[in-house]
Every structure is written in C-alpha cells, then in structure tokens.
Engineer: 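I'd like to ask you about the structure that follows.
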Amino acid sequence: MRKSILFVGKAAAVSAAVALLLTGGAASVRAGSAPAFVASAEAASSLLRDADVVILGEVHDNAAHHLNQAEILLQIAPRAVVWEMITQEQADGLTPDMMGSADVTAKALDWAESGWPAFDLYAPVFEAAAPARQYGALVPRAEARSALEQGVASYFGARAPEFGLDKPLPEAEQSAREADQMANHCNAMPEEMLPVLVDFQRLRDAALAAATDRALSDTGGPVVVITGNGHARLDRGLAVYLSAARLGAKVLSLGQSEGGAISGTFDVLLDSPAAERPDPCLVFKKG
C-alpha cells in the first residue's frame with residue numbers, strides 16, 4: 001500500500017478500499033466507555049452461555065485473544081460458528097477431522113494467501129470450533145467491489161430492508177464513522193474514500209448478521225461469531241443488523257481489549273497485553 005494514490009471516480013475509490021480492508025489495512029484501538037472487565041475466559045463464558053448468539057471479538061493478531069476465544073468455545077459448545085475470515089464456500093469444505101489439524105485446515109482455506117495473520121494464531125479457535133456447524137461471512141473481493149459500486153443494499157436484494165440497509169445512516173452517525181475511519185487509518189485517507197470505507201464496514205457487518213441469522217435458522221443456536229472488535233461492538237456492529245432481522249434473539253458480545261484500550265460498547269470485556277507489532281501507520285509513510 002502506498003500513501004500517494006490518485007483516485008478517479010467512485011470505482012477507483014471502491015477498488016482501493018476493498019484492497020485495503022480485505023488485507024487487514026492499518027488500525028488503531030482507542031479507549032472508550034466500557035462495562036466492567038472480567039478476569040478470565042471462564043468468567044466470560046459464565047456470563048455469555050445463555051445467549052442465542054455470542055459474538056467473540058478480537059484484535060486479529062493478538063494470540064491471547066484467540067486462546068480466550070478457544071476456551072469460551074469449549075465452554076459454550078455452540079451448534080454453529082460464524083467466521084468473519086472465510087467464505088461460505090470455504091466453510092462448507094471444513095470437517096471436524098480436518099479442523100483438528102492446523103496444517104490441513106490452513107491449506108484447505110488457502111490461509112497463507114488470505115491476508116489474515118498467521119494461522120498459528122487461529123488454530124486453537126478452529127480446533128475448538130470443530131464439533132459445530134461452520135458458516136462463513138467473508139464477502140469475496142469481487143462481490144464486495146460490485147456491492148460498493150452499486151450500493152450496499154444491492155448485495156442483499158429483497159432482504160436489505162430486514163437489515164436496515166435500505167436507508168442511509170443518520171448524518172451525525174455517518175460523520176462520526178467517517179471521522180473514526182480517518183483516525184483508524186492514521187489520518188492518511190483521502191476524504192473521498194471515507195464514505196466507501198463506512199459502506200464497506202456496513203457491508204461486512206450485515207454479511208456477518210445474515211450468516212448468523214442463517215445459522216440460527218438452521219441449528220436453533222447457540223451460535224458463536226468469531227470476528228474483530230469493530231464488528232463485535234453493540235453500538236454499530238453486526239448486532240445492530242441482526243437485531244433488526246431477528247427480533248427477540250438474545251445477543252451478547254465480548255470485546256477484547258489491549259491494555260484496557262478499546263472502542264465501542266460490549267456486554268463483557270476481557271483484557272490482554274498488546275501484541276508486539278510494528279507501527280501500523282508506517283504503511284502510509286511508504287512512498
């Protein structure tokens with residue numbers, strides 16, 4: 001990724017946004033108001049186990065977060081698991097035996113080319129999820145680009161109103177989200193990209209909600225969702241879209257902070273030390 005990019009029209013902005021976000025991009029985690037922290041994954045499990053849907057947030061490259069997710073999966077024993085990181089086609093190819101081997105699972109998912117952090121981090125989570133039915137919520141790159149060019153609602157067609165995608169965000173919320181995207185990308189994004197980044201976040205939130213809704217219909221729950229903290233937050237993540245589509249479902253969300261820093265609203269919080277990583281803003285300083 002390079003800091004100096006010339007954008008010509010919406011299509012170019014969409015392509016750049018999809019490329020940036022599907023390969024992780026740069027992100028910062030900022031402190032925000034939050035409920036009380038619990039001391040362990042076991043304590044978190046006791047608070048989450050009675051939900052129809054349990055959303056387990058993470059910072060993608062934090063190994064401790066994935067170990068917590070794995071322990072909670074073992075405690076809750078869900079009937080279905082929804083993954084932000086894989087497509088439904090990939091999920092359909094997974095079997096319990098396969099998921100017991102990190103090497104086999106990584107190869108089946110072509111993880112090395114996926115843009116996600118090393119599979120070693122995720123291996124305990126996949127292994128713990130093996131007894132459940134698997135669902136993928138990742139929108140393939142070509143489909144994401146098309147959806148953003150045509151409008152997010154177009155991707156969901158007749159179901160768009162169920163998830164509240166037929167209406168734009170309120171102006172104040174749109175502005176707040178664009179400001180967050182600018183800050184999360186080190187104040188280095190061209191302004192014309194900000195609405196596209198917000199739309200892409202909405203697309204992925206709604207895709208996660210749709211996959212979770214399908215998993216609930218198929219299995220009756222409980223369903224666990226493995227996703228980043230941004231999608232797990234209750235004030236603007238997948239729970240907003242799922243609640244619109246499935247009234248009455250009990251949805252609880254775990255956020256996982258680093259050194260107490262996290263943005264958004266969650267039901268339960270677990271804290272871990274920050275993972276060692278290079279400055280995420282360095283990518284925007286490369287000419």
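In this chain, numbering begins with 1 at the start of the sequence shown.
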Engineer: Testing the basics here: between Ala41 and Ile72, what is the closest heavy-atom pair and its distance to 0.1 Å?
Structural biologist: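 Heavy-atom minimum between the residues: O-CG1, 3.7 Å.
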Engineer: Is there a donor-acceptor pair closer than 3.5 Å between any side-chain N or O of Ser146 and the backbone N or O of Ala142?
Structural biologist: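 Side chain of Ser146 to backbone of Ala142: no pair is present.
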Engineer: Would Asn62 and Glu258 satisfy side-chain hydrogen bond (donor to acceptor under 3.5 Å, both in side chains), going step by step from the backbone distance to the final call?
Structural biologist: CA-CA 9 Å; Asn62 191 307; Glu258 292 188 318; 2.7 Å; yes
Engineer: Test of understanding: clusters of I, L, V, M, F, W, Y form through side-chain heavy atoms closer than 4.5 Å, transitively. Do Val268 and Val54 belong to the same one?
Structural biologist: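 The answer is yes; both residues are in one hydrophobic cluster.
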Engineer: Do you know which two heavy atoms are closest between Leu270 and Ala39, and how far apart they sit?
Structural biologist: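 Residues Leu270 and Ala39, closest heavy atoms: CD2-C, 4.1 Å.
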Engineer: If you group Ile, Leu, Val, Met, Phe, Trp and Tyr by side-chain heavy-atom gaps below 4.5 Å, do Trp116 and Val104 land in one group?
Structural biologist: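 Both belong to a single hydrophobic cluster.
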Engineer: Going by the angle between their ring planes, with limits at 30° and 60°, are Phe163 and Phe156 parallel, tilted or perpendicular?
Structural biologist: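 Answer is tilted, since the angle falls between 30° and 60°.
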Engineer: About how many Å separate OG of Ser272 and CG of Leu67, when rounded to the nearest 0.5 Å?
Structural biologist: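 Reported to 0.5 Å precision, the distance equals 9.0 Å.
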Engineer: Using every non-hydrogen atom in the two residues, find where Ala147 and Ser154 come nearest and quote the distance to one decimal.
Structural biologist: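 Here Ala147 and Ser154 meet closest at O-OG, 4.0 Å.
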Engineer: Does atom CD (Glu42) have a neighbourhood of more than 12 heavy atoms from anything else shown, all under 6.0 Å?
Structural biologist: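 Atom CD in Glu42 is not packed in, count stays at 12 or less.
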Engineer: Do you see a donor-acceptor pair shorter than 3.5 Å between the side chains of Arg236 and Gln201?
Structural biologist: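 Looking only at side-chain atoms, Gln201 and Arg236 do not form any donor-acceptor pair under 3.5 Å.
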Engineer: Side-chain contact, heavy-atom cut-off 4.5 Å: Tyr155 with Leu165?
Structural biologist: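 Side chain of Tyr155 against side chain of Leu165, heavy atoms only: no contact under 4.5 Å found.
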Engineer: Donor-acceptor check, side chain of Arg79 to backbone of Gly221, threshold 3.5 angstrom: yes or no?
Structural biologist: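 At least one qualifying donor-acceptor pair exists.
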Engineer: For Ala129, is there any backbone N or O sitting under 3.5 Å from a side-chain donor or acceptor partner on Gln134?
Structural biologist: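 Yes, because the side chain of Gln134 sits within donor-acceptor range (under 3.5 Å) of the backbone of Ala129.
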Engineer: Sort out for me which residue in Leu252, Asp213, Leu216 forms a side-chain contact (heavy atoms from CB on, under 4.5 Å) with Val53.
Structural biologist: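 Answer after filtering Leu252, Asp213, Leu216: Leu216.
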Engineer: Are any non-hydrogen side-chain atoms of Arg202 and Arg177 less than 4.5 angstrom apart?
Structural biologist: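 In short, these two side chains touch, coming nearer than 4.5 Å.
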Engineer: For Gly136 and Ala91, which heavy atoms make the closest approach, and how far apart are they?
Structural biologist: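 Minimum heavy-atom separation between Gly136 and Ala91: N-CB, 3.5 Å.
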Engineer: For Ala102, does its backbone N or O pair with a side-chain atom of Thr105 as donor and acceptor, under 3.5 Å?
Structural biologist: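 Here the side-chain-to-backbone pair does not exist.
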Engineer: Verify, without hydrogens or angle tests, whether Glu143 (side chain) and Pro140 (backbone) share a donor-acceptor contact under 3.5 angstrom.
Structural biologist: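 Side chain of Glu143 to backbone of Pro140: no pair is present.
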Engineer: When rounded to the nearest 0.5 angstrom, what distance separates CG in Asn68 from CD in Glu58?
Structural biologist: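 Here the interatomic distance stands at 11.0 Å.
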Engineer: When you measure from the side chain of Ser257 to the backbone N and O of Gly259, does any donor-acceptor pair fall under 3.5 Å?
Structural biologist: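 No; zero donor-acceptor contacts below 3.5 Å.
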Engineer: Please say yes or no: joined through hydrophobic side-chain contacts below 4.5 Å, possibly via intermediate residues, are Leu203 and Leu169 part of one cluster?
Structural biologist: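 They do not share one cluster, since no chain of ILVMFWY contacts under 4.5 Å joins Leu203 to Leu169.
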Engineer: Between the side chain of Asp271 and the main-chain N/O of Gly260, is any donor-acceptor distance below 3.5 Å?
Structural biologist: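 Judged by distance alone, yes, a pair lies under 3.5 Å.
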Engineer: Could you check whether the rings of Tyr122 and Trp111 sit parallel, tilted or perpendicular, using 30° and 60° as the cut-offs?
Structural biologist: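 Ring orientation of Tyr122 relative to Trp111: tilted.
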Engineer: So which heavy atom on Ser253 is nearest to which on Ala232, and how close?
Structural biologist: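 Reported closest heavy-atom pair: OG-O, 2.5 Å.
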Engineer: From Phe37 CZ over to Ile262 CD1, what is the distance, rounded to the nearest 0.5 angstrom?
Structural biologist: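 So the gap between those two atoms works out to 7.0 Å.
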Engineer: List the atom of Leu254, the atom of Ala44, and the distance in Å for their closest heavy-atom pair.
Structural biologist: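 Shortest heavy-atom contact: CD1-CB, 4.3 Å.
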Engineer: Taking the side chain as every heavy atom from C-beta outward, state whether Glu178 and Glu191 have any pair of such atoms under 4.5 Å apart.
Structural biologist: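 When only atoms from C-beta onward are counted, Glu191 and Glu178 do not touch, as no gap falls below 4.5 Å.
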Engineer: Quick one: do Met182 and Asn187 satisfy side chain to side chain contact (heavy atoms under 4.5 Å, CB included)? Show the steps, please.
Structural biologist: CA-CA 5 Å; Met182 180 63 86; Asn187 297 307; 3.4 Å; yes
Engineer: Gln256 side chain to Gly57 main-chain N or O, any donor-acceptor pair under 3.5 Å?
Structural biologist: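 Pair found, side chain donor or acceptor close to backbone of Gly57.
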Engineer: Hey, which of Val225, Val224, Leu238 is the one that makes side-chain contact (heavy atoms from CB on, under 4.5 Å) with Val82?
Structural biologist: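 Answer to the side-chain contact (heavy atoms from CB on, under 4.5 Å) test with Val82 among Val225, Val224, Leu238: Val225.
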Engineer: Say you draw a straight line from CG of Leu194 to CD of Gln174; how long is it, rounded to the nearest 0.5 Å?
Structural biologist: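 Reported value, rounded in 0.5 Å steps: 9.0 Å.
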Engineer: Are any of the side-chain heavy atoms of Ser217 and Arg246 separated by less than 4.5 Å?
Structural biologist: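 Counting from C-beta outward, Ser217 and Arg246 do come under 4.5 Å.
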Engineer: Just how far is it from atom CG of Asp267 to atom CD1 of Ile55, taken to the nearest 0.5 Å?
Structural biologist: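 Reported to 0.5 Å precision, the distance equals 8.5 Å.
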Engineer: Are Met99 and Leu121 connected in the hydrophobic side-chain network, where two residues link if heavy atoms are under 4.5 Å apart?
Structural biologist: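 As far as the 4.5 Å side-chain criterion goes, Leu121 and Met99 are connected within one cluster.
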Engineer: Do Glu149 and Arg145 pass the salt bridge (Lys or Arg N to Asp or Glu O under 4.0 Å) test, and can you show the C-alpha distance, the side-chain angles, and the key distance before you say yes or no?
Structural biologist: CA-CA 6 Å; Glu149 289 174 349; Arg145 183 177 294 110; 5.3 Å; no
Engineer: For Ile86, which of Asp92, Leu138, Leu109 qualifies under side-chain contact (heavy atoms from CB on, under 4.5 Å)?
Structural biologist: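 Between Ile86 and the candidates, side-chain contact (heavy atoms from CB on, under 4.5 Å) is satisfied uniquely by Leu109.
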Engineer: State, yes or no, whether a side-chain contact exists between His66 and Pro124 at a heavy-atom distance under 4.5 Å.
Structural biologist: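 They are not in side-chain contact.
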Engineer: Would you please test Arg204 and Thr227 for side-chain hydrogen bond (donor to acceptor under 3.5 Å, both in side chains) and show each step?
Structural biologist: CA-CA 10 Å; Arg204 296 185 79 172; Thr227 189; over 6 Å; no
Engineer: If we only count heavy atoms from C-beta on, is the Ile226 to Leu56 side-chain gap below 4.5 Å?
Structural biologist: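 They are in contact (side-chain heavy atoms under 4.5 Å apart), so the answer is yes.
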Engineer: Dump the intermediate steps for side chain to side chain contact (heavy atoms under 4.5 Å, CB included) on Met193 and His185, then the final yes or no.
Structural biologist: CA-CA 11 Å; Met193 272 193 69; His185 292 88; over 6 Å; no
Engineer: Rounded to the nearest 0.5 Å, what separation is found between the OH atom of Tyr241 and the NE2 atom of His231?
Structural biologist: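 Rounded to the nearest 0.5 Å, the OH-NE2 separation comes to 10.5 Å.
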Engineer: Membership question, hydrophobic clusters at under 4.5 Å side-chain separation (ILVMFWY): are Leu208 and Leu94 in the same one?
Structural biologist: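 Shared cluster, no.
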Engineer: Do the side chains of Trp83 and Val125 get nearer than 4.5 Å, heavy atoms only?
Structural biologist: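 Side-chain contact under 4.5 Å: yes.
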Engineer: Side chains of His60 and Met85, heavy atoms from C-beta outward: is any pair under 4.5 Å?
Structural biologist: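 Touching, per the 4.5 Å side-chain cut-off.
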